[in-house]
Asker: 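Got a structure for you, written out below as structure tokens; questions coming shortly.
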Amino acid sequence: MDGGDEDQTKKKSRPINSIISWTEIREEFSHHHPSVARLNNGSFGCCPASVLAAHRSFHLRFLRHPDAFNLHSLPFALLRSRTLLKHLIHADHLDEIALVDNATTAAALVLHHISQNANAAASFVVVVLHCAFQAVKKSLHAYVTRAGGSVFEIQLPFPVRSRREIIAEFRKGLKRAKSLNLNGGKIRLAIIDHITSMPSFLIPVRELVEICRKEGVEQVFVDAAHALGTVPVDVKEIGADFYVSNLHKWFFCPPSVAVLYSRRSKNAPLPIESSMWTGTKRDYSAQLLVPAVMEFVNRFEGGIEGIMKRNHENVVEMGKMLAESWGTNLGSPPDMCASMIMVGLPSRLLRTHLRECFGVEVPIYHHPATATATATATARDGNDGESRPPRPWDKEDGVITGYARISHQVYNTVDDYHKFRDAIYKLLQEGKVCKQNAFEFDPMS
Amino acid sequence: MATEGNKKIIAVCQSGGEFETNKDGTLSYRGGQAHALDIDDRVKFEDFKVEVAEMFSCYMNSMSVKYLLPGNKKTLITISNDKDLKRMVKFCGDSVTVDVYVVAEEIVALNVSDMLSARFSAACGVDHCLDHVDYSKPNLSCFITDTEIQSEFAHHDLGVARMNNGSFGCCPASVIRAARRWQLRFLRQPDHFYYHELQQGLLESRTVIKHLINAEDVDEITVVDNATTAVAIVLQHTAWAFSEGIYDKGDAVLMLHYAYGAVKKSIKAYVSRTGGHVIEVPFNFPVNSNDEIVSEFRKALGKGKANGRKVRLALIDHVTSMPSVVIPVKDLVKICREEGVEQVLVDAAHGVGCVDVDVQEIGADFCTSSLHKWFFCPPSVAFLHCRKKHLDLHHPIVSHEYGNGLPIESGWVGTRDYSPLLVVPSALDFINRFEGGIQGIKKRNHDNVVEIGKMLAEAWGTNLGCPPDMCASMIMVGLPAGLGIAREKDALKLKTHLRKNFGVEVPIYFKDPEDGEGEGESITGYARISHQVYNKIGDYHKYRDAVSQLVSDGFTCACLPD
């Protein structure tokens with residue numbers, strides 16, 4: 001079985017005439033709202049009809065005879081999913097792979113575990129990125145701060161210029177955390193995103209984990225919610241102690257399931273099997289779908305790698321197109337993004353308004369207006385520094401304070417992005433702006 | 001049935017048809033099935049009923065037996081005891097046959113629906129309007145029929161006699177469809193669903209629950225995955241109190257010895273680890289009366305309070321899992337209050353839909369119940385009820401709504417499938433298609449499971465695990481000692497053997513034989529029988545016969561491979 005699954009993950013292109021067609025892709029996603037330009041795969045992901053069918057099939061098998069299903073079918077189905085994932089993320093041992101509901105659950109598990117095992121007498125320090133996911137930051141408050149630990153946030157610049165910049169800033173931040181000398185300068189845990197959420201860019205996570213080791217950080221947890229299905233994942237190379245990625249964001253599973261990797265170590269293992277929060281009389285169907293997903297992705301040219309490559313190329317192209325149309329810039333260089341990219345917006349605009357009046361679904365990051373933002377607004381528009389034609393709204397607001405995070409997934413077409421581009425044009429022509437206080441807090445990223 | 005020498009007659013037993021009144025006022029019976037049974041004037045009514053019940057595969061409890069006197073075809077005479085039966089044989093003297101009619105009794109619809117609608121309208125000023133949830137009395141003329149029930153559960157494996165509703169519950173097709181509609185709404189446009197539909201849907205579920213359990217305010221109701229999560233929420237709070245020195249190390253937390261396995265693990269993980277002292281309350285099984293449980297509970301409380309310590313939390317099951325017994329929670333909570341226990345949590349996992357869960361009556365600080373076991377929701381969904389003063393609790397999974405109060409926090413614990421939590425109103429709609437609504441279902445389940453338990457115990461020559469009033473929709477029935485269930489593993493193997501070879505699904509509890517019971521054979525295995533609306537008497541006959549066959553074949557658990 002092992003060899004077969006490995007083959008399934010490595011399967012490359014099939015003969016041309018059996019590659020999924022555009023009509024078939026549309027059918028697979030025909031349950032999506034037809035008149036919404038869905039540019040936000042990053043938040044809630046998507047699930048093709050054939051995987052949904054497999055989901056229902058498992059669910060019905062369970063309902064038909066739950067005792068028998070749980071005893072005789074479930075363990076094997078879970079094992080298949082876990083084995084495929086182990087190969088996908090290049091883990092060494094099957095017992096390092098656990099399935100949980102989502103990255104938020106994984107964060108709670110890891111932080112609960114850390115706070116339990118921390119020496120009650122000594123205070124402990126946890127380091128996290130300033131742009132970490134909101135839910136993770138709140139988890140830190142609930143589990144770390146409450147238990148007497150300290151949280152130190154490392155600022156990273158945005159817009160992002162280069163990998164080198166990120167590495168340098170992280171190293172500086174970590175040294176500052178150590179210099180505070182809490183817990184004798186030892187850092188109990190570092191939480192690093194693989195792909196940040198808002199604003200979104202790709203972190204050179206292997207290098208950052210290495211820095212953590214060099215600086216004596218005890219354990220590293222990589223929050224890679226967006227990773228599986230957007231970037232190749234090799235947990236051994238990355239070298240973290242814990243690594244979690246959602247499967248319902250970019251890996252075509254229905255909500256919800258995530259893979260949590262815990263490196264074998266001499267430390268006490270994460271008590272996932274006996275997790276006290278989830279119970280066992282639950283619906284495991286979503287966790288059993290990895291084989292069905294592999295079947296789906298292997299209908300595409302190049303399988304999952306092909307999908308990743310095309311999503312990346314398309315989102316970069318669309319990002320540049322939008323930035324050029326609006327006279328703004330991208331939030332990061334193309335090589336520091338995967339299937340999502342940040343595109344500057346000319347002025348503050350409401351997300352709900354875009355959804356309700358224009359049928360465009362896209363999350364918006366509100367970036368504090370800074371001198372840097374102004375300076376870079378004209379620098380990177382893809383025109384190599386040539387002066388670009390002025391836009392009617394230029395004189396009113398030259399500072400980019402909002403970035404749209406656009407995603408690309410297999411169901412997207414160029415029209416979706418044109419719809420967004422034109423919606424913004426219209427809003428600007430109508431002179432619609434947001435008042436200072438009206439910006440909408442956007443937790444769903 | 002008739003014995004030699006006695007006055008005999010053939011009873012033509014008819015059922016499933018209808019009476020018609022003829023023009024002259026006499027009654028005629030049309031349709032249905034007929035079976036012949038020879039009886040005499042010595043036959044016991046109980047024996048007669050057992051035979052008839054088996055003939056028509058119906059429950060004795062809901063059966064009524066009548067006949068028409070020769071010469072008076074207008075008045076149906078009811079037979080309710082031995083004397084009546086004797087009289088019938090005597091009155092029908094010279095005939096060879098007598099027509100006997102077996103009629104399903106009308107069950108009186110209890111006034112629960114009225115209660116609910118009264119409470120709802122009283123609270124309407126505070127609650128949101130729930131247009132589609134019908135709290136009014138169910139329409140008496142169109143209750144769900146047997147055929148409809150079978151089609152709602154047509155997805156069940158028909159080759160399996162499914163008598164384990166207690167473990168995984170059941171979900172009718174109409175509720176599954178409702179869940180799928182919610183799932184599709186999310187998949188169609190997830191952002192819109194998150195921002196505009198999810199919270200309102202959860203509020204509707206919480207409002208239904210509030211009415212069901214007679215809570216004061218919908219703010220007291222939190223929906224979660226299952227009772228295990230709910231218990232963890234409370235225990236986490238207890239653990240923090242120990243860690244932060246609010247509770248002294250060595251203060252006690254009480255739980256029943258027969259508390260659910262996962263809950264016991266939780267208690268050890270949260271409480272023992274942070275310095276709390278865990279005390280288990282044992283009681284004998286088989287249990288004979290509530291008093292046995294109450295006196296053990298008092299003893300344990302005494303232990304907890306010894307040396308000036310305090311009992312910080314008592315965790316009491318409403319219905320234990322294995323072995324299954326209904327615990328006198330109201331009495332125990334009262335004792336807790338008298339003895340100064342700080343907080344009481346009632347774990348009513350087998351609660352709503354199985355026993356009456358009225359939080360005002362029970363009087364605990366916290367109460368949790370599953371809704372996928374006995375309330376027809378899909379797996380898995382449960383709720384935690386917290387009295388207003390205890391609202392400083394948190395869900396273990398921390399997300400964006402952290403700090404906004406437990407009910408709101410639990411409304412978003414990351415991206416997941418919330419559909420089981422959203423179909424509670426649909427489950428209520430399903431239940432209200434039954435006569436008497438949830439009360440009617442509970443009563444019938446209870447009456448039937450008691451009748452079945454007695455039938456099995458008698459057939460096997462064993463006993464029940466508790467008196468009938470200490471069980472709800474499940475009952476423990478002793479398995480014949482000859483099966484040789486010598487250890488826990490045997491119970492599991494036997495369960496699997498029965499599933500694979502006889503198509504019966506029943507969990508088996510292994511009871512360690514007590515010391516000093518060396519003579520003779522003691523009962524070491526108890527089957528936990530459940531009854532739910534989809535069950536038929538045939539299921540239980542199948543089980544009875546399977547076990548009887550094993551015994552007569554000389555089977556023992558020692559024969560089974562490891």
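Naming: A, B, ... by sequence-line order, numbering from 1 per chain. Values reported hereafter were calculated over all heavy atoms of this structure, with side chains retained and with hydrogens, waters and symmetry mates removed.
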Asker: Heavy atom to heavy atom, less than 4.5 Å: which residues from residues 46-55 of chain A reach chain B?
Answerer: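 Expected list: A:C47, A:L52.
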Asker: Tell me, for A:F62 versus chain B, whether the close heavy atoms (under 4.5 Å) come from the side chain, the backbone, both or neither.
Answerer: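 When you check distances to chain B, only side chain atoms of A:F62 fall under 4.5 Å.
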Asker: Check each atom of A:L140 against the heavy atoms of chain B and say whether the ones under 4.5 Å are side chain, backbone, both or neither.
Answerer: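 Contact with chain B: none, neither part.
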Asker: Among residues at least two apart in sequence or on other chains, which ones pass side chain to side chain donor-acceptor pair (under 3.5 Å) with A:H248?
Answerer: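 Checked A:H248 against side chain to side chain donor-acceptor pair (under 3.5 Å); zero matches.
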Asker: Using non-hydrogen atoms and a 4.5 Å limit, figure out which bit of B:I176 sits close to chain A: side chain, backbone, both or neither.
Answerer: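 Just its side chain gets close to chain A.
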Asker: Checking A:R64 side chain against B:A154 main chain: does a donor-acceptor pair fall under 3.5 Å?
Answerer: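 Side chain of A:R64 to backbone of B:A154: no pair is present.
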Asker: Has the side chain of B:Y402 got a donor or acceptor atom that lies under 3.5 Å from a matching backbone atom of A:K137?
Answerer: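 Checking the backbone N and O of A:K137 against the side chain of B:Y402, no donor-acceptor pair under 3.5 Å is found.
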Asker: Output all residues satisfying side chain to side chain donor-acceptor pair (under 3.5 Å) with B:Y509, sequence neighbours left out; order by chain, then residue number.
Answerer: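 In terms of side chain to side chain donor-acceptor pair (under 3.5 Å), with neighbours along the sequence ignored, B:Y509 is linked to no residue.
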Asker: Between B:R499 and A:L71, is a side chain to side chain contact (heavy atoms under 4.5 Å, CB included) present by the stated rule, with each step listed?
Answerer: CA-CA 12 Å; B:R499 175 191 306 126; A:L71 271 173; 3.4 Å; yes
Asker: Kindly give the heavy-atom pair with the smallest separation between B:L187 and A:H32, and that separation in Å.
Answerer: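 Shortest heavy-atom contact: O-CD2, 3.7 Å.
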Asker: Check ring-ring contact (aromatic ring centres under 6.0 Å, His included) between B:H155 and all other residues, then give those that pass, not counting sequence neighbours.
Answerer: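 Listed in chain order: nothing, the list is empty.
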Asker: Can you tell me if A:S139 uses its side chain to pair, donor with acceptor, with the backbone of B:V398 under 3.5 Å?
Answerer: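 Present.
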Asker: In terms of heavy-atom pairs under 4.5 Å with chain B, which of A:D67, A:L60, A:V36 leads?
Answerer: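 Greatest number of close heavy-atom pairs with chain B: A:D67.
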Asker: Measure distances from B:Q189 to the heavy atoms of chain A and classify the residue's part below 4.5 Å as side chain, backbone, both or neither.
Answerer: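 Answer is both: backbone and side chain atoms of B:Q189 are under 4.5 Å from chain A.
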Asker: Considering only heavy atoms, which portion of B:V413 lies under 4.5 Å from any heavy atom of chain A: side chain, backbone, both, or neither?
Answerer: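 For B:V413, backbone heavy atoms alone lie under 4.5 Å from chain A.
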Asker: Between B:S243 and chain A, with a heavy-atom cut-off of 4.5 Å, which part of the residue counts as in contact: side chain, backbone, both or neither?
Answerer: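 No part of it gets close to chain A.
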